[in-house]
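These notes concern the structure reproduced below.
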Amino acid sequence: MNHWLVKSEPETYSWSDLVRDKRTDWTGVRNYAARLHLRAMQVGDLVFVYHSGDDKSVVGIVKVVNEAHADSTDDTGQWECVDVAAVTDLPKPVTLAEIKANPKLAGMVLVRNSRLSVQPVSPTEWSMICKLGGLAKPPQA
DNA sequence: GCCAACGTTGGC
DNA sequence: GCCAACGTTGGC
(Lines give C-alpha, C1' and ligand atoms only; values in the text may rest on other atoms or scores of the structure.)
Protein backbone atom coordinates (compact mmCIF):
# COMPACT_ATOMS: atom_id res chain seq x y z
CA MET A 1 0.00 0.00 0.00
CA ASN A 2 1.16 3.48 -0.83
CA HIS A 3 0.64 6.78 0.89
CA TRP A 4 -0.14 10.11 -0.70
CA LEU A 5 -0.97 13.70 -0.02
CA VAL A 6 -3.49 15.84 -1.83
CA LYS A 7 -3.96 19.55 -1.50
CA SER A 8 -7.07 21.64 -1.49
CA GLU A 9 -7.91 25.25 -0.91
CA PRO A 10 -10.39 25.08 1.96
CA GLU A 11 -12.39 27.90 0.35
CA THR A 12 -12.89 25.63 -2.65
CA TYR A 13 -13.33 22.25 -0.97
CA SER A 14 -12.46 21.79 2.66
CA TRP A 15 -12.00 18.88 5.00
CA SER A 16 -15.35 19.68 6.62
CA ASP A 17 -16.97 19.49 3.18
CA LEU A 18 -15.42 16.06 2.80
CA VAL A 19 -16.62 14.91 6.21
CA ARG A 20 -20.11 16.11 5.29
CA ASP A 21 -20.00 14.29 1.94
CA LYS A 22 -18.25 11.23 3.43
CA ARG A 23 -17.08 10.42 -0.07
CA THR A 24 -16.19 12.47 -3.12
CA ASP A 25 -14.50 12.31 -6.48
CA TRP A 26 -11.31 14.29 -6.17
CA THR A 27 -11.67 16.40 -9.29
CA GLY A 28 -9.82 19.39 -10.65
CA VAL A 29 -6.28 18.07 -10.99
CA ARG A 30 -4.82 19.63 -14.15
CA ASN A 31 -1.17 18.75 -13.98
CA TYR A 32 0.67 15.88 -15.61
CA ALA A 33 2.86 14.95 -12.67
CA ALA A 34 -0.14 14.97 -10.40
CA ARG A 35 -2.05 12.82 -12.87
CA LEU A 36 0.70 10.23 -12.80
CA HIS A 37 0.27 9.96 -9.06
CA LEU A 38 -3.50 9.72 -9.37
CA ARG A 39 -3.06 6.85 -11.81
CA ALA A 40 -0.69 5.08 -9.44
CA MET A 41 -3.20 5.11 -6.60
CA GLN A 42 -4.83 1.84 -5.65
CA VAL A 43 -8.03 1.16 -3.76
CA GLY A 44 -7.17 1.15 -0.08
CA ASP A 45 -4.28 3.60 -0.31
CA LEU A 46 -4.35 6.21 2.44
CA VAL A 47 -4.05 9.89 1.63
CA PHE A 48 -3.39 12.98 3.71
CA VAL A 49 -5.54 16.00 2.97
CA TYR A 50 -3.67 19.28 3.17
CA HIS A 51 -5.25 22.72 3.32
CA SER A 52 -3.28 25.31 1.37
CA GLY A 53 -3.87 29.02 1.78
CA ASP A 54 -4.45 30.33 5.30
CA ASP A 55 -4.51 26.92 7.01
CA LYS A 56 -1.32 25.39 5.64
CA SER A 57 -1.92 22.18 7.58
CA VAL A 58 -2.45 18.48 7.12
CA VAL A 59 -5.96 18.13 8.48
CA GLY A 60 -7.21 14.64 7.78
CA ILE A 61 -6.90 11.24 6.16
CA VAL A 62 -8.92 9.74 3.34
CA LYS A 63 -8.71 6.41 1.61
CA VAL A 64 -8.92 5.67 -2.08
CA VAL A 65 -12.19 3.89 -2.84
CA ASN A 66 -12.08 3.98 -6.63
CA GLU A 67 -9.10 4.05 -8.91
CA ALA A 68 -8.42 6.80 -11.47
CA HIS A 69 -11.16 7.49 -13.99
CA ALA A 70 -12.34 10.35 -16.18
CA ASP A 71 -12.79 13.67 -14.37
CA SER A 72 -16.38 14.74 -15.01
CA THR A 73 -15.41 18.39 -14.61
CA ASP A 74 -13.02 18.19 -17.56
CA ASP A 75 -14.23 18.87 -21.10
CA THR A 76 -11.08 17.72 -22.84
CA GLY A 77 -11.25 14.14 -21.62
CA GLN A 78 -7.60 14.06 -20.70
CA TRP A 79 -7.82 14.55 -16.95
CA GLU A 80 -8.69 12.02 -14.30
CA CYS A 81 -9.72 11.76 -10.70
CA VAL A 82 -9.95 9.13 -7.99
CA ASP A 83 -12.77 8.66 -5.49
CA VAL A 84 -11.91 9.05 -1.83
CA ALA A 85 -13.75 8.53 1.44
CA ALA A 86 -13.10 10.24 4.77
CA VAL A 87 -11.25 8.06 7.30
CA THR A 88 -10.36 10.33 10.20
CA ASP A 89 -9.40 13.86 10.99
CA LEU A 90 -6.12 14.61 12.70
CA PRO A 91 -6.92 15.52 16.31
CA LYS A 92 -4.13 18.06 16.02
CA PRO A 93 -3.57 19.37 12.46
CA VAL A 94 0.09 19.34 11.46
CA THR A 95 1.20 22.71 10.14
CA LEU A 96 3.60 23.39 7.32
CA ALA A 97 5.81 25.21 9.83
CA GLU A 98 6.04 22.05 11.95
CA ILE A 99 6.85 19.99 8.90
CA LYS A 100 9.60 22.36 7.78
CA ALA A 101 11.03 22.42 11.29
CA ASN A 102 11.17 18.62 11.58
CA PRO A 103 14.34 17.11 10.12
CA LYS A 104 12.50 13.89 9.28
CA LEU A 105 9.90 15.82 7.29
CA ALA A 106 11.85 18.68 5.76
CA GLY A 107 12.52 16.59 2.66
CA MET A 108 8.87 16.06 1.89
CA VAL A 109 7.60 16.86 -1.58
CA LEU A 110 5.26 19.29 0.14
CA VAL A 111 8.31 21.33 1.10
CA ARG A 112 10.48 20.71 -1.95
CA ASN A 113 7.78 21.19 -4.57
CA SER A 114 5.03 23.15 -2.94
CA ARG A 115 3.00 23.45 -6.12
CA LEU A 116 2.43 19.75 -6.76
CA SER A 117 -1.16 19.03 -5.81
CA VAL A 118 -0.95 15.23 -5.66
CA GLN A 119 2.20 13.75 -4.27
CA PRO A 120 3.67 10.60 -2.72
CA VAL A 121 4.43 10.32 1.01
CA SER A 122 7.06 7.93 2.35
CA PRO A 123 6.20 5.44 5.12
CA THR A 124 8.46 7.35 7.52
CA GLU A 125 6.80 10.64 6.72
CA TRP A 126 3.39 9.05 7.03
CA SER A 127 3.89 7.68 10.52
CA MET A 128 5.61 10.83 11.72
CA ILE A 129 2.76 13.06 10.64
CA CYS A 130 0.20 10.68 12.12
CA LYS A 131 2.08 10.88 15.39
CA LEU A 132 2.40 14.67 15.31
CA GLY A 133 -1.27 14.83 14.40
CA GLY A 134 -2.26 13.09 17.59
CA LEU A 135 -3.23 9.70 16.20
CA ALA A 136 -2.29 6.97 18.62
CA LYS A 137 -1.95 4.57 15.75
CA PRO A 138 -2.16 5.20 12.02
CA PRO A 139 -5.38 3.96 10.46
CA GLN A 140 -5.47 0.72 8.51
CA ALA A 141 -6.70 0.64 4.97
C1' DG B 1 0.09 42.37 -2.21
C1' DC B 2 4.34 40.48 -3.59
C1' DC B 3 7.20 37.30 -5.55
C1' DA B 4 9.56 32.73 -6.27
C1' DA B 5 8.90 28.46 -8.34
C1' DC B 6 7.02 25.96 -11.64
C1' DG B 7 4.30 24.68 -15.81
C1' DT B 8 2.52 25.80 -20.30
C1' DT B 9 2.35 28.12 -24.66
C1' DG B 10 3.91 29.61 -28.88
C1' DG B 11 7.34 31.73 -32.03
C1' DC B 12 11.45 30.64 -34.24
C1' DG C 1 13.74 21.36 -29.90
C1' DC C 2 14.77 25.60 -27.60
C1' DC C 3 13.56 29.29 -24.93
C1' DA C 4 11.17 33.68 -23.85
C1' DA C 5 6.89 35.16 -22.29
C1' DC C 6 3.17 34.42 -19.72
C1' DG C 7 -0.05 32.39 -16.21
C1' DT C 8 -0.83 30.05 -11.84
C1' DT C 9 0.06 28.38 -7.31
C1' DG C 10 0.94 29.13 -2.83
C1' DG C 11 3.97 30.76 0.94
C1' DC C 12 5.34 34.88 3.11
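Keep in mind it's a predicted model, so treat the numbers as computed, not measured.
As a whole-Å value, the separation of A:Glu9 CD from C:dG10 P is 6 Å. When rounded to the nearest whole Å, the span between NZ of A:Lys100 and C1' of C:dC12 equals 8 Å. The CG atom of A:Asn113 sits 12 Å away from the C1' atom of B:dA4 (whole-angstrom rounding). Atom CZ of A:Arg115 is separated from atom C1' of C:dG7 by 9 Å (rounded to the nearest Å). Here B:dG7 presents its C1' atom at 15 Å from CZ of A:Arg30, a figure rounded to the nearest Å. In this structure, A:Asn31 atom CG and B:dG7 atom P are separated by 7 Å, rounded to whole Å. Taking atom NE2 of A:His51 as the reference point, atom C1' of C:dG11 lies 17 Å away to the nearest angstrom. When the C1' atom of C:dG10 is taken as reference, atom CG of A:Leu5 falls 14 Å away, rounded to whole Å.
Between the side chains of A:Arg30 and A:Thr73, at least one donor N or O sits under 3.5 Å from an acceptor N or O. No hydrogens or angles considered: nothing links the side chains of A:Asp89 and A:Trp15 as a donor-acceptor pair under 3.5 Å. Side-chain atoms of A:Asp55 and A:Ser57 include no donor-acceptor pair closer than 3.5 Å. With no hydrogens or angles considered, no side-chain donor-acceptor pair links A:Thr24 and A:Asp21 at under 3.5 Å.
The A:Tyr32 side chain lies nearest to B:dT8 when the options are B:dC6, C:dG11, B:dT8.
In this structure, A:Leu116 reaches neither bases nor backbone, as no heavy-atom distance under 4.0 Å exists between it and the strands shown. Among the protein residues, A:Arg112 comes within range of the sugar-phosphate backbone only, with heavy atoms under 4.0 Å from sugar or phosphate atoms but none that close to a base.
Of the side-chain N and O atoms in A:Lys7, none sit less than 4.0 angstrom from OP1 or OP2 of C:dT9. Phosphate proximity of C:dT9 to A:Tyr50: absent, as no side-chain N or O sits under 4.0 Å from OP1 or OP2.
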